[in-house]
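Here's the structure, in structure tokens; my notes come after.
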Number of protein chains: 2
Amino acid sequence: MMSSQLSVARLLWRAENVNGARINTAWTSDGVRSFTYRDLVSDVRDLAGALASIGVKRGSRIATMAWNTRQHLAAYFAVPALGAVLHTVNHRMPIEHMAYTINHVSDEVLIVDEDLLPSVEAMRGRIPTVRHLVVVGEPGAIDGFDQVIPYDQFVSGASTHGSFQEVDENTAASICFTSGTTGLPKGVVYSHRSIVLHAMAISTKGGVEIDAERAYLLATQMSHVNGWGVPYAAALQGARLVLPGPHPTPERFLDLIHGERPDTFVGSPTVAALMRDEHLRRNCGYDLSELKTMWLGGQVPPVALARWWAEQGARVVNGWGMTETSPMGTFSPGGSMQGRPLPLFELRVVDESGSPQHWDGQTVGELEVRSPWVAREYLDDPRTPDSFRDGWLRTGDVATVHPDAGLQIKDREKDLVKSGGEWISSVDLENALMLHPAVSEAAVIAIPDDTWQERPLAWLRLDADVTDEELRTFLATTLPRFWLPDRFVRVDEIPKTAMGKIDKADIRRQHREITGQPASTDQASTASDGRNHNVAVIPTRSGTTSGL
Amino acid sequence: MMSSQLSVARLLWRAENVNGARINTAWTSDGVRSFTYRDLVSDVRDLAGALASIGVKRGSRIATMAWNTRQHLAAYFAVPALGAVLHTVNHRMPIEHMAYTINHVSDEVLIVDEDLLPSVEAMRGRIPTVRHLVVVGEPGAIDGFDQVIPYDQFVSGASTHGSFQEVDENTAASICFTSGTTGLPKGVVYSHRSIVLHAMAISTKGGVEIDAERAYLLATQMSHVNGWGVPYAAALQGARLVLPGPHPTPERFLDLIHGERPDTFVGSPTVAALMRDEHLRRNCGYDLSELKTMWLGGQVPPVALARWWAEQGARVVNGWGMTETSPMGTFSPGGSMQGRPLPLFELRVVDESGSPQHWDGQTVGELEVRSPWVAREYLDDPRTPDSFRDGWLRTGDVATVHPDAGLQIKDREKDLVKSGGEWISSVDLENALMLHPAVSEAAVIAIPDDTWQERPLAWLRLDADVTDEELRTFLATTLPRFWLPDRFVRVDEIPKTAMGKIDKADIRRQHREITGQPASTDQASTASDGRNHNVAVIPTRSGTTSGL
């Protein structure tokens, strides 16, 4: 067979030649703008040429600090097509973390959206490898960099289109850092091969089923995990992308759904909830009739939210994945639990000795995964050995697998509550709490207990008044009595990480500050910390272990 | 990323663990039998163990002469899983060709269906590398082989399951020979990688869209081009296979559609036509209501046939491919022309100097293709250099590409008719002829002409009487006058190759014998001979060049 490599440039061949006339859309401050895949490939050649002209070559590292824009999309392809490596900086991280990742990667060029320049200014003098600053928009007066150039001038100044390089498919194409809740971020390197195979897998009917007839509103940020791989899969299949641009808001997403008619929304349950609220506040003034699918990841979407979107005609689908898994590992078109493994994605659940457990929907253990698009190490990071075993990634998730291969995440290893020698799943407990109409969000941590070793404590954001006893009575209809929290804490806001996930480390810290008592896992091993999940489940009635 | 290899054993992981409970069906002489994917994987382990016990190891070559059976399916997986190479002998080839391919590959073991033993007897003494003969069924009294053993005894005698081997994905997994219309067959080697990527590609919505909810009646023979890759894709996705067993007939296909309710038929237009005739003969006694798709390949399905199946509720889909392309290269879910390239499949049309031509739906040239599942050489064959150029396979097909990337095959290079300095497409002419209600089949060759250099001659199989002048009047409504054949030859049967394709070489030979005149391309280069196409087009009104 031909040695034909699986490369990002190969995706471009199809985008240009097969789907060249298909139209994408991007929100900009000047309004909504359309561009074809042929336009995109032209952008890519311009940017590749400009990058080549300043010395970018195979192995060079190029950083972006950018929203979901046409220019960011061009960088997604232009940088790997040169054989260089794209480092998408998560601009929501703390400044010191951003600087750490840029130094860790040794980025030479930084392509930055104008409104994110304050973060760059804050890093001035601390990211010495960055020689060139390319500003999408108006650079203003920024110094401390050898070269500062507006993007439009940069790409129009290139005398020739850049030549796409033939690369070995195992060459690095992009890098993303997990924004851990503790410790410094860890870098995950994606190869050309892993990007292409992931794009193929999510395009199958066993996967997300991306195809040319669909249009995706990409609310999930392209600064993280390659935008869930959607831009690459869309280019491969000719699917339409709707990019929401800088500083997206729920209103903008609704405007784009109303005006641009995407059939699929890709984003987080939090944003989906805010969109619901905004739609209701506007007396249902948005036309959602073309929207058929809400692909929600990153955290657990409450059942009530899934029901509401279903009533609008949009089915909630979900899956399981991590930064380390590109991210999609399992997918559930029906929205139940975490779904079944994608083609070419293998998983197992192991006990403490590493022995694989039966797939009976009962036995729990640590989830381990293996696939051509699962990382095998972190970039130059001493934490690698703790996370990889015999070619499998140790996810740090506690899970069971049902006989039909349906994955059910029970908890993060460090989030389990061990009460009287029995395990309580904080995820199941949160899901059960969120089924109560008064509960908008719930987060459960373990607190030390003299009698039971640990007991669950629930933080709640409420939509309406409800007493502790009403909550316990409600939970008791589906959960064992010993699971019921002794205490509930009502808060205005549940702490979130930079990625919008519930930040249990921060809850534990606040709990410690308020009470003077440690939360249980403050002392626990942090070996599995810092993972960044794209987990979404439709909560089922907790405690049941029925198949999918 | 993990170096996780793309291997046939990886497909088995999913068949066993994710789709283990899904059911397949095979026709046997004892009736229709069901088996799950878990049963299949157990079969595979048994067969792998038995093969290992007789010394089969990495690189060993194992031949099959077999129909579409459960045992053949097990061999599809067991042989590559051992790191050995499966050579599926096309048992419809002439004996001397079969013997040539077995010797060319140096097969050590031959797994043969009992009813095909006469062919093996005919090769006795001429295939010395074959030490072991494993007979599915009753061996009877056959000698000339070191070891003759019934399949059931062979697999039950294995004391242990065979261990699947980790293989480099570029390792050979299977071999198929093209049954050329001239010359000896040429061997095409499929790697583990090419098999897996082809399975992924045909599973996407840009492809055939194989998925777990569908059931495929596999009429196309597993002895050729890996059964169009359907068994591997089905195992990957958990789709149901319905295997028609030894000596399949149109009646059996209809019985299986009636009884087993597959939604997709995979086979040739010839068989689809015979099924139609049989259904009508039986007063439409078969229930075809579950059948939604007729995936027809190998030759051109007449428009009337496609219409008839559409009236039964089954859409005809088609594509383009060759033995050398695994076979799928393009696919058309709508059944118009040859469709658009699959993901990761690249094509171009070049002029005589090798320069790529515009995709304007007008300009014709030789079709060249490139993909991870396109062969880069023939197995130990001096004809390789003529067929491959700069990493592209020269298909020998004359084609045009439309602006939307829709491929339209105009002709085989050697089948073009050059009349008065202009080209006439024999394919377009055949398609136009088959639109006439009286014409059942048509084959056009070029014959020498003193005035025009060449003129088209049409061989026709007719369903009803029609005069030459009526035919010419009919053709003139859509074709230029100079295209109209001066002569029509009415025959009872159009010559076919071993694979059921129209055999123009034989038509030219008969023409020569009958008339004493050569057909034009008898003198032409045969560099592009011997290709075995899986081409299927729905004839469009000839001469038009509209997009898909």
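The sequence lines fix the lettering, A, B, ..., with proteins before strands; numbering per chain opens at 1.
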Which region of [X], side chain (C-beta onward) or backbone (N, CA, C, O), has a non-hydrogen atom less than 4.5 Å from a non-hydrogen atom of chain A, or is it both or neither?
{"X": "B/F345", "value": "backbone"}
{"X": "B/A201", "value": "both"}
{"X": "B/V189", "value": "backbone"}
{"X": "B/L342", "value": "backbone"}
{"X": "B/V369", "value": "backbone"}
{"X": "B/R14", "value": "side chain"}

Could you verify whether a donor N or O on one side chain and an acceptor N or O on the other, from [X] and [Y], lie under 3.5 Å apart?
{"X": "B/T36", "Y": "B/D39", "result": "yes"}
{"X": "B/N17", "Y": "A/R340", "result": "no"}
{"X": "B/N226", "Y": "B/S174", "result": "yes"}

Checklist entry - Between B/Q5 (side chain) and B/E169 (backbone), is there a donor-acceptor pair under 3.5 Å? => result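 Looks like yes, one N/O pair under 3.5 Å.
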
Pairs of heavy atoms under 4.5 Å with chain A: top-ranked of [options]:
{"options": "B/E346, B/R22, B/E209", "answer": "B/E346"}
{"options": "B/I210, B/V18, B/V401", "answer": "B/V18"}
{"options": "B/A21, B/P341, B/S191", "answer": "B/P341"}
{"options": "B/G20, B/S194, B/G238", "answer": "B/S194"}

Residues [X] and [Y] bridged, charged N to O under 4.0 Å:
{"X": "B/E213", "Y": "B/K292", "answer": "no"}
{"X": "A/K186", "Y": "A/D381", "answer": "no"}
{"X": "A/E368", "Y": "A/R389", "answer": "yes"}

